[in-house]
Amino acid sequence: MGAAVSRLLVGRGNRLLLADRDEAAATSVAAELDGNIQPVRCDITDDSSVAALASHCGPLGALVITAGLSPNMGDGRRITEVNLIGTDRVVRAFEATLTDGSVGICFASMAAAMVPTDPAVDAILDEPASPTVLDKLDALGLLEHSGIAYAVSKRGVIRVVERHAKAWGTKGARLLSVSPGVIDTPMGRLEDANEPSMAAMVSASALGREGRPEEIAAVVSFLVSDAASFLTGTDILVDGGAVAAQRSGQSGG
């Protein structure tokens, strides 16, 4: 999905910094694109790495954070460290680069809409920079199962956006989250292969199919454009109607 977003944004003639923990992967994507692109290495779990990226950026146009781990890519602690704590670290680091018209997009997930809300859990999620956040979530049993940890971490991403939107707004900037459903990517195929419930969820959704990376990229492209100038502080669910089907009690078949 990050590569698909890059293809659309660089097509507008933008200067693009393409950051990835695996610099070779970023370089490979950059080589496919035609434009002013600079691949750089950045590990969002490392303060100094994120700070270096932010300082290299200059005044921010658009920031799109697609980095993340799915349930089968790590244990609960690692997933939360990357998805929630890492995203919050990037959002905070780039606040120093904001200018009028800056936009930030954080990738959450439809999974966030499928976990019960709990004020006690939300209070912990609202302090992702706390050194005790992982221990507190672990004490509640939320990191024992990677699928639950994933959903909770993505709910935390949505709350990061809600908390920081006002600070961004005071600088004329906007901050949003996007929650993809089941998307046909290598990560999505990994989950399909290990979680039989994924196919049933897709079958039960309103559109009855997986999404494509370019469909998510098109939404991001709109959100960072002036056409979305009054959208901020909210989550955009792009899931083909999977959450709607679940909430209405519909089943596949």
Side-chain angles (χ1 to χ4, degrees), residues 65 67-88 91 105-130 132-166 175-183 187-188 190-192 194-208 210-211 216 219 232-253:
I65 310 171
L69 297 180
S70 63
N72 283 284
M73 296 176 71
D75 61 24
R77 292 183 76 92
R78 180 61 175 170
I79 286 169
T80 306
E81 181 185 20
V82 173
N83 295 357
L84 172 57
I85 299 173
T87 295
D88 177 73
V91 169
I105 308 293
C106 303
F107 269 48
S109 168
M110 72 171 182
M114 296 180 174
V115 292
T117 60
D118 184 329
V121 174
D122 285 346
I124 298 171
L125 296 177
D126 286 348
E127 296 183 349
S130 168
T132 62
V133 61
L134 292 175
D135 291 337
K136 288 179 178 178
L137 291 173
D138 201 12
L140 294 177
L142 297 175
L143 303 185
E144 294 177 7
H145 186 279
S146 61
I148 294 174
Y150 175 79
V152 170
S153 72
K154 292 300 190 176
R155 176 169 173 77
V157 169
I158 292 173
R159 295 184 69 83
V160 166
V161 166
E162 292 174 348
R163 288 197 320 278
H164 286 268
K166 177 64 175 179
L175 182 65
L176 300 113
S177 58
V178 170
S179 285
V182 180
I183 309 300
M187 181 185 290
L190 174 67
E191 296 306 311
D192 285 343
N194 289 278
E195 299 293 339
S197 62
M198 298 287 286
M201 188 182 305
V202 171
S203 177
S205 68
L207 295 183
E210 294 183 345
I216 302 300
V219 173
T232 194
T234 192
D235 182 65
I236 309 299
L237 182 62
V238 193
D239 71 335
V243 171
Q246 185 194 62
R247 288 176 175 171
S248 65
Q250 298 176 33
S251 60

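Just so it is clear, the values below take in all heavy atoms, side chains as well, and ignore hydrogens, waters and symmetry mates.
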For A245 against S205, the heavy-atom pair lying closest together: CB-CA, 4.1 Å
Value rounded to 0.5 Å, distance of CZ in F107 from CG in N83: 12.5 Å
Residues D135 and R77 bridged, charged N to O under 4.0 Å: yes
CG-CE distance between L237 and M110, expressed to the nearest 0.5 angstrom: 8.5 Å
Contact summary for A165 and G233, nearest pair of heavy atoms: CB-CA, 3.5 Å
Candidate list S109, C106, S179, test side-chain contact (heavy atoms from CB on, under 4.5 Å), partner V157, passing option: C106
V91 side chain reached by I65 side chain, heavy atoms, under 4.5 Å: yes
From CD (E191) to CG (N72), nearest 0.5 Å: 4.0 Å
Note, R163 side chain near D88 side chain (heavy atom, < 4.5 Å): yes
Residue pair P128 / V133: nearest heavy atoms and the distance that separates them: O-CG1, 3.7 Å
Gap separating the CG atom of L140 from the CD1 atom of I124, nearest 0.5 angstrom: 4.5 Å
Contact check, side chains of L134 and D138, non-hydrogen atoms, under 4.5 Å: no
Least distance between heavy atoms, I158 atom then S177 atom: CG1-OG, 3.8 Å
Closest approach of A108 to P180 (non-hydrogen atoms, all atoms of both residues): O-CD, 3.6 Å
Closest approach of T80 to L137 (non-hydrogen atoms, all atoms of both residues): CG2-CD1, 4.0 Å
From CA spacing to verdict: side chain to side chain contact (heavy atoms under 4.5 Å, CB included), M114, M201: CA-CA 12 Å; M114 296 180 174; M201 188 182 305; 4.0 Å; yes
Reported CE-to-CZ distance for the pair M73 and R78, which is rounded to 0.5 angstrom: 10.0 Å
Point-to-point distance, once rounded to the nearest 0.5 Å, from NZ of K154 to CG of D235: 10.5 Å
Sub-4.5 Å side-chain heavy-atom contact between V182 and D192: yes
Distance-only side-chain donor-acceptor flag, D75 / S146, under 3.5 Å: no
Within-4.5 Å side-chain heavy-atom neighbours: L84 and R155: no
